[in-house]
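Below is one structure, written out as structure tokens; the observations come after it.
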4 protein chains.
Amino acid sequence: MIDPWSPRSFAEQLADVLRTKIDSGEWRPGHKLPGEITLAQTYDVARGTVRAALDQLREEGRVVTFTGRGTFVTPEATGSPGA
Amino acid sequence: MIDPWSPRSFAEQLADVLRTKIDSGEWRPGHKLPGEITLAQTYDVARGTVRAALDQLREEGRVVTFTGRGTFVTPEATGSPGA
Amino acid sequence: MIDPWSPRSFAEQLADVLRTKIDSGEWRPGHKLPGEITLAQTYDVARGTVRAALDQLREEGRVVTFTGRGTFVTPEATGSPGA
Amino acid sequence: MIDPWSPRSFAEQLADVLRTKIDSGEWRPGHKLPGEITLAQTYDVARGTVRAALDQLREEGRVVTFTGRGTFVTPEATGSPGA
DNA sequence: GTGGTCTAGACCACC
DNA sequence: GTGGTCTAGACCACT
């Protein structure tokens, strides 16, 4: 899903992928995201890249993270309220 | 009552729930709290998490515990003196 | 080992039994005694009786007990220093 | 170094050991303590017990810990200013 | 019954 | 790598 030839950075691409899951409703409000390591393995990117992508989503208010607990989809972050 | 997606840890959430019962006067001074095991079952958390929550309330001076007897609401811990 | 027809109380008899194990060196300094429940089952006496016997040995300085840890033979409590 | 027959709990004993290293100046201000897992292995106790010991030293102001970095001796925690 | 201590393991974000 | 949180279980003395 991450395209090395894309003009967008890995982090941006990963953020796009995750953002889509959130906005599409695949990951609903309150959903617990996979851990950083799992995401890194799943998309074959470095952990730093995962952190950069999550930083972006955090700034957008789509996810919130809590030390020792995990990263979660913000309750009000869904683009498709229906579904 | 414990929300895994809350920004607060399980222990903090449980402390919040218990603190509210105390401050609201639902549990009046001298009231004996449910046992640690009962609380763990009631809120579906581990006993260690219950103890962490009670540790917090103990530091706040809202409850006192006696080995072999239980945990009780401190005489001066109520927010609603009336009732 | 506890004789219902003995003129000595169950607690005294149990204390005698345990004291012998200590003084004889069978239970050496630092030895951790069986738990109260185990002792009660082993000698077929009530837990209160076990506590009474242990109280006696504590007064004699032969054992020390710590909440949540257990009861131990006092380091200097052996009658047979040799062994 | 942790004595199961001590009158003090494992956590207290471990706190004693570490406190001595600090107060004696063996671990000077700013010194980074071994990680929790290392301490657990070194003293053969569970990590939870290590954390209980560190909690105590933290309350005493002898150490400070930073998530993801480690636990360090507080600048003012030394008993032997010279050395 | 109660709380107190300890174990062994897991998964998490942070650096 | 680090510490932070949580689980599930054990055994203990105390009341």
Side-chain angles (χ1 to χ4, degrees), chain A residues 32-40 47-48 50-51 54-55 58 63-72, chain B residues 2 4 6 8-14 32-41 43-55 58 63-72, chain C residues 32-40 47-48 50-51 54-55 58 63-72, chain D residues 2 4 6 8-14 32-41 43-55 58 63-72:
Chain A
K32 183 173 182 297
L33 272 65
E36 292 185 348
I37 294 176
T38 302
L39 286 173
R47 283 180 66 187
V50 172
R51 288 182 60 76
L54 292 178
D55 279 345
R58 265 188 287 268
V63 302
V64 283
T65 105
F66 313 106
T67 300
R69 309 272 324 285
T71 298
F72 304 84
Chain B
I2 302 298
S6 163
R8 299 176 74 70
S9 70
F10 286 10
E12 286 172 328
Q13 289 182 63
L14 179 50
K32 182 181 181 298
L33 273 65
E36 295 182 349
I37 295 174
T38 301
L39 286 173
Q41 294 171 336
Y43 295 98
D44 194 28
V45 296
R47 192 184 160 203
T49 301
V50 171
R51 288 182 63 79
L54 292 179
D55 278 345
R58 244 170 262 142
V63 301
V64 285
T65 107
F66 304 99
T67 300
R69 299 197 36 227
T71 299
F72 303 82
Chain C
K32 183 172 182 299
L33 273 65
E36 293 185 347
I37 295 176
T38 302
L39 286 174
R47 284 179 66 186
V50 171
R51 287 182 61 76
L54 292 178
D55 279 344
R58 264 189 287 270
V63 302
V64 283
T65 104
F66 313 107
T67 299
R69 309 272 325 284
T71 298
F72 304 83
Chain D
I2 301 299
S6 164
R8 299 176 74 69
S9 71
F10 286 9
E12 287 172 328
Q13 290 182 62
L14 178 51
K32 182 180 180 299
L33 274 64
E36 296 183 349
I37 295 173
T38 302
L39 286 173
Q41 294 171 336
Y43 296 97
D44 194 28
V45 295
R47 192 185 161 201
T49 301
V50 171
R51 287 182 64 78
L54 292 178
D55 278 345
R58 243 169 263 143
V63 302
V64 285
T65 107
F66 304 99
T67 300
R69 299 195 37 225
T71 300
F72 303 82

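So that the names make sense, note that chain A is the first sequence line, chain B the second, and so on, each numbered from 1.
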Test log, rule side chain to side chain contact (heavy atoms under 4.5 Å, CB included), inputs C/F72 and C/F66 = CA-CA 8 Å; C/F72 304 83; C/F66 313 107; 3.7 Å; yes
Do nucleotides 7-15 of chain F as a string where each nucleotide becomes B, S or -: B if the base has a protein heavy atom under 4.0 Å, S if just the sugar-phosphate does, - if no protein is that close.
-> B--B-BSBB
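Judged by distance alone, with hydrogens and angles left aside, the side-chain atoms of A/R69 form no donor-acceptor pair with the main-chain N or O of B/F10 at under 3.5 Å.
Closest approach of B/K32 and B/G70 over heavy atoms only: CE-CA, 4.4 Å. Across D/A11 and D/A52, no two heavy atoms sit closer than the pair CB-CB, 3.8 Å.
At whole-Å resolution of the value, CG in D/L39 and P in F/dG4 are 13 Å apart. Per the geometry, CG belonging to D/D55 stands 15 Å off C1' belonging to E/dC6, to the nearest Å.
As judged by a 4.0 angstrom heavy-atom cut-off over every strand, D/A52 is placed among residues making no nucleic acid contact.
Phosphate contact (OP1/OP2 of E/dG4, side-chain N/O of D/S9, threshold under 4.0 Å): absent.
Side-chain contact check for A/T65 versus A/L54: every heavy-atom pair is 4.5 Å or farther apart.
Over its full length, the helix from E/dG1-F/dC14 to E/dC14-F/dG1 turns its helical axis through 10°, comparing axes from the five pairs at each end and rounding to 10°.
Rounded to the nearest 0.5 angstrom, B/L39 CG and B/L14 CG are separated by 6.5 Å. Remark: B/E36 CD to B/R47 CZ distance equals 4.5 Å, nearest 0.5 Å.
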